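What follows is a single structure, written as structure tokens, with notes after it.
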There are 2 protein chains.
Amino acid sequence: MDEYKSEQKLSAILKATSDPTRRSLLTTLVQQGPSRVTELAGHYDMSLNSISKHIKVLEAATLVTRKTIGRVHLIEAQLEPINEIDNWFKNLRSIWDLRLDDLETILNKEFSDD
Amino acid sequence: MDEYKSEQKLSAILKATSDPTRRSLLTTLVQQGPSRVTELAGHYDMSLNSISKHIKVLEAATLVTRKTIGRVHLIEAQLEPINEIDNWFKNLRSIWDLRLDDLETILNKEFSDD
DNA sequence: CGTATATTCACCCATATGGATGAATATAAA
DNA sequence: TTTATATTCATCCATATGGGTGAATATACG
């Protein structure tokens, strides 16, 4: 996947998970396993349609998949994409550590006796 | 911190990092260390004001702090809050593993010989 | 003091977002 | 075939968001 697409995907994942209702949906799905849209909506004081939209956002971010069996849509959580967040963070931290190492090197040179 | 506040903070962190410009700002700050607003804005084809606003979003999410020295504002990255994302994900994964364990237990009982 | 610099504040604008409702579609069931 | 159920589609609405511009504020400098 090219850099731009990958950045876009990360944005989608982060944005999708930034909504409390959607995080809650993911948790419920992980707890219960694949669930129907109506069943999921039952947990919330919110219209079925709104939940349906939230599910579509999660789906667009590849955080859930859908298996349609007749008129029932089974929604299933996918955790792998969240690793992309993890990778981004790990990268950020490694850059951080790198800079601190550089600073240390500089300080050591500055104050060394040779 | 109570559960509701903590949820809100996580939402803020995820939303703040969901924007590519803000992720880029964080990366730059981690690479360069504390930087001035104008200096940061110089990296982007975007008005100083817009960058200033992005910084305020990061600040509200506690992802950067600000040290004002005279008319200069030094912005510094803070990586610790990102751990909250990590914790959320770890929790989600543990719930996932728990369910799979339960499933396995059920299957073992179902097909055991006793 | 007057001027230049660094940054935010106050608006404006177009678009996105999260919610709602009612209609449409597709499938199951009687 | 008629009816009920599961879900999405099409709209609508209020608010948030990301961008811009010009004015205001605060500080540094000549």
Side-chain angles (χ1 to χ4, degrees), chain A residues 4 7-29 32-77, chain B residues 4 7-29 32-77:
Chain A
Y4 179 62
E7 272 291 293
Q8 276 191 139
K9 189 180 179 191
L10 182 54
S11 293
I13 293 168
L14 286 162
K15 195 159 192 188
T17 52
S18 76
D19 182 274
T21 303
R22 288 193 290 261
R23 281 201 304 282
S24 171
L25 280 169
L26 274 181
T27 303
T28 302
L29 283 167
Q32 307 188 344
S35 311
R36 293 185 308 114
V37 177
T38 307
E39 198 281 323
L40 288 169
H43 298 347
Y44 302 87
D45 185 21
M46 195 183 293
S47 76
L48 171 66
N49 291 30
S50 293
I51 296 296
S52 171
K53 265 209 278 187
H54 278 304
I55 290 171
K56 285 177 73 94
V57 173
L58 290 170
E59 202 179 2
T62 73
L63 287 165
V64 306
T65 51
R66 181 189 305 257
K67 195 171 289 177
T68 304
I69 302 168
R71 61 185 167 179
V72 166
H73 296 213
L74 270 189
I75 312 298
E76 178 170 18
Chain B
Y4 180 62
E7 272 289 293
Q8 277 190 139
K9 189 180 178 191
L10 181 55
S11 294
I13 294 168
L14 285 163
K15 195 160 192 187
T17 53
S18 77
D19 182 275
T21 302
R22 289 194 289 261
R23 281 201 305 280
S24 171
L25 280 168
L26 274 180
T27 303
T28 302
L29 282 167
Q32 306 187 346
S35 312
R36 295 184 307 113
V37 177
T38 308
E39 198 280 325
L40 288 169
H43 298 347
Y44 303 87
D45 186 21
M46 195 182 294
S47 77
L48 171 65
N49 291 29
S50 294
I51 295 296
S52 171
K53 268 208 277 188
H54 277 304
I55 290 171
K56 286 178 73 93
V57 173
L58 290 170
E59 203 180 2
T62 72
L63 287 165
V64 306
T65 52
R66 181 189 305 257
K67 196 171 288 178
T68 305
I69 303 168
R71 62 185 167 178
V72 165
H73 296 213
L74 270 190
I75 311 298
E76 178 170 18

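Source: prediction; values computed, not measured. Throughout, protein chains are lettered first and strands after them, A, B, ... in sequence-line order, and every chain is numbered starting at 1.
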Item checked: Under 4.0 Å protein heavy-atom contacts per nucleotide of nucleotides 25-30 of chain D, with B for base, S for backbone only and - for none -> --BS--
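- Nucleotide D/dC9 holds its C1' atom 15 Å from the CD1 atom of A/Ile55, rounded to whole Å.
- The two residues A/Lys15 and A/Arg22 make their nearest non-hydrogen contact at O-NH2, 3.4 Å.
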Next item on the list: Assign a letter to each nucleotide of nucleotides 15-21 of chain C from its 5' end: B, base within under 4.0 Å of a protein heavy atom; S, sugar-phosphate only; -, no contact.
Entry: -SSBBBB
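- For A/Ser11, the side-chain contact (heavy atoms from CB on, under 4.5 Å) partners two or more places apart in sequence, or in a different chain, are B/Pro20, B/Arg23.
- If you take NZ of A/Lys67 and P of D/dT7, they are 15 Å apart, rounded to a whole angstrom.
- Smallest separation of non-hydrogen atoms from B/Leu63 and B/Ile13: CD1-O, 4.2 Å.
- Atoms CG (B/Leu58) and P (D/dG18) sit 10 Å apart, rounded to a whole Å.
- When all heavy atoms of A/Leu48 and A/Ala41 are compared, the pair lying nearest together is CD1-CB, 3.8 Å.
- Taking all atoms of both residues into account, the shortest heavy-atom contact from B/Thr28 to B/Tyr44 is OG1-OH, 3.7 Å.
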Next item on the list: Determine, step by step, whether A/Ile75 and A/Arg36 satisfy the side chain to side chain contact (heavy atoms under 4.5 Å, CB included) criterion, reporting the C-alpha distance in whole Å, the side-chain angles of both residues, the deciding distance to 0.1 Å, and the verdict.
Entry: CA-CA 6 Å; A/Ile75 312 298; A/Arg36 293 185 308 114; over 6 Å; no
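- Heavy-atom minimum distance, B/Ala77 versus B/Leu29: CB-CB, 3.9 Å.
- Minimum heavy-atom separation, A/Leu14 to A/Thr17: O-OG1, 3.0 Å.
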